[in-house]
Amino acid sequence: MKKEQIVDVLETIATLLELQEENPFKIRAYTNAARSIEAWGGNLRELAEENRLQEIPGVGKAIAGKISELVLTGESTFFAELRSKFPPGILELFGLPGLGAKKIKALYEKLQVGSIADLKKACEMGRVAELPGFGKTTQDKLIATISNRAKHVGSFQLGAVAAEAEELLDDLRQHPGATQVSSAGSYRRRKEIVRDLDFIVATQAPEAITEFFVGHALVESVSARGATKTSVRLHSGIQADLRVVSTAEYPFA
DNA sequence: CCGACGTCGCATAGTC
DNA sequence: GACGATGCGA
DNA sequence: GTCGG
């Protein structure tokens with residue numbers, strides 16, 4: 001297992017320990033270890049094989065043991081057991097502003113809320129406002145936040161994808177077969193939130209352009225490939241659509 | 001072995 | 001309206 | 001859970 005994944009596991013352990021109201025210092029120990037490992041340049045596998053994990057600040061005997069297990073087997077019995085105590089979706093709830101461990105625990109124990117979808121239903125049924133510590137205001141705000149969030153699933157901040165978009169545009173323009181290249185849609189309009197990137201290329205050689213597009217270094221995977229429209233996913237995770245048109249119809253595309 | 005581990009201020013919403 | 005709880009960031 | 005006296 002890779003370093004980033006291990007860091008993620010340690011952070012998740014900390015979060016789950018919060019839910020069962022563990023000793024706050026123990027919780028922090030896990031987050032500290034995660035931060036520390038993140039900053040550690042070296043190779044975890046080597047360190048694990050030489051039993052030197054404890055050289056990393058914040059990593060003691062217990063956490064070192066869990067890391068070795070993760071590095072070697074990709075699993076941790078402790079983590080698996082901890083995880084099994086809660087529904088997987090409960091971690092989503094930490095992403096909602098205003099919700100922390102205490103509130104989430106109450107929602108889970110009293111209303112069996114184990115995901116954002118569950119929470120939305122509970123709010124809509126008016127059950128959340130009944131809970132001590134919650135009220136109508138909170139319930140309404142949660143509904144609003146969740147609905148708002150749904151709109152942004154699979155969307156990106158403009159700045160987060162601008163670099164990829166521009167690089168792709170430039171490279172398409174470099175291609176000898178492309179006579180006109182432009183972006184379209186929300187990216188062209190510089191909307192703050194973009195769901196996907198749209199490119200339009202005028203060409204006499206659609207096949208070659210498509211080939212070039214799907215083979216581009218920024219492309220992670222190809223989800224659809226047709227004569228006039230091709231969809232791919234870039235490394236950042238955003239979807240990018242390419243429309244190829246004849247030079248004659250480009251002005252109308 | 002055993003105690004310390006950051007702390008404070010602010011905002012918000014709920015309860016008394 | 002005061003007060004404690006919770007969440008969040010400095 | 002980890003660190004340090």
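Each chain gets a letter, A, B and so on, in the order its sequence line appears, and its residues count up from 1.
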Quiz item: Is the A:Phe86 ring parallel, tilted or perpendicular to the A:Tyr108 ring (thresholds 30°, 60°)?
Solution: tilted
Quiz item: Applying the 4.5 Å side-chain criterion to the ILVMFWY set and letting contacts propagate, would A:Ile209 and A:Val222 be lumped into a single cluster?
Solution: yes
Quiz item: Within the structure shown, what part of the strands sits under 4.0 Å from A:Lys105 by heavy-atom distance: base, sugar-phosphate, or nothing?
Solution: nothing
Nucleotide N/O of nucleotides 14-16 of chain B paired with protein N/O under 3.5 Å:
from   : atom 1 : to       : atom 2 : distance (Å)
B:dG14 : OP1    : A:Gly135 : N      : 2.7
B:dG14 : OP1    : A:Gly135 : O      : 3.3
B:dG14 : OP1    : A:Thr138 : N      : 3.2
B:dG14 : OP1    : A:Thr138 : OG1    : 2.8
B:dG14 : OP2    : A:Thr137 : OG1    : 2.9
B:dG14 : O3'    : A:Phe134 : O      : 3.4
B:dT15 : OP1    : A:Gly133 : N      : 3.4

Quiz item: Any chain of hydrophobic side-chain contacts (each under 4.5 Å) joining A:Leu72 to A:Leu44?
Solution: yes
Quiz item: For C:dT6, does either OP1 or OP2 sit under 4.0 Å from a side-chain N or O belonging to A:Lys103?
Solution: no
Quiz item: Taking atom CZ of A:Phe212 and atom CD of A:Gln174, what is their separation to the nearest 0.5 Å?
Solution: 8.0 Å
Self-check item: For A:Thr137, all residues meeting side-chain hydrogen bond (donor to acceptor under 3.5 Å, both in side chains), sequence neighbours excluded
Solution: none
Quiz prompt | Heavy-atom contact window of chain A on DNA chain D, given 5' to 3' at under 4.0 Å | solution = D:dG1 to D:dC3
Self-check item: Side chains of A:Tyr250 and A:Thr179, donor plus acceptor under 3.5 Å
Solution: no
Exercise. Look at A:Glu81 together with A:Lys85 and state whether they make a salt bridge at an N to O cut-off of under 4.0 Å.
Key: no
Practice problem: Nearest whole angstrom, please: distance from the C1' of C:dG4 to the NZ of A:Lys102. | Solution: 12 Å
Under 3.5 Å, which protein N or O atoms sit close to an N or O of nucleotides 8-10 of chain C? Give each pair with its distance.
from  : atom 1 : to      : atom 2 : distance (Å)
C:dC8 : OP1    : A:Gly98 : N      : 2.8

Exercise. Convert the base pairs of DNA chain B into dot-bracket notation, remembering that pairs crossing earlier ones are written with [ ] and that bases paired across to another strand are shown as |; include only Watson-Crick or G-U pairs under 3.5 Å.
Key: |||||.||||||.|||
Quiz item: Which part of the nucleic acid does A:Ala33 contact within heavy-atom distance under 4.0 Å: base, sugar-phosphate only, or nothing?
Solution: nothing
Quiz item: So, A:Arg52 and A:Glu55, do they make that salt bridge, N to O below 4.0 Å?
Solution: yes
Quiz item: Do NZ/NE/NH1/NH2 and the carboxylate oxygens of A:Lys121 and A:Glu124 come within less than 4.0 Å?
Solution: no
Show me the protein contacts with nucleotides 9-12 of chain B, counting only N or O atoms at under 3.5 Å.
none

Quiz prompt | Lys/Arg N to Asp/Glu carboxylate O, A:Arg35 vs A:Glu11, below 4.0 Å | solution = yes
Exercise. Answer yes or no: is there an ion pair linking A:Glu46 with A:Lys3, defined by an N-O contact shorter than 4.0 Å?
Key: no
Quiz item: Got a salt bridge between A:Glu211 and A:Arg225, using NZ or NE/NH1/NH2 to carboxylate O under 4.0 Å?
Solution: yes
Quiz item: Does the A:Thr138 side chain pair with the main chain of A:Phe134, one donor and one acceptor, at a distance under 3.5 Å?
Solution: no
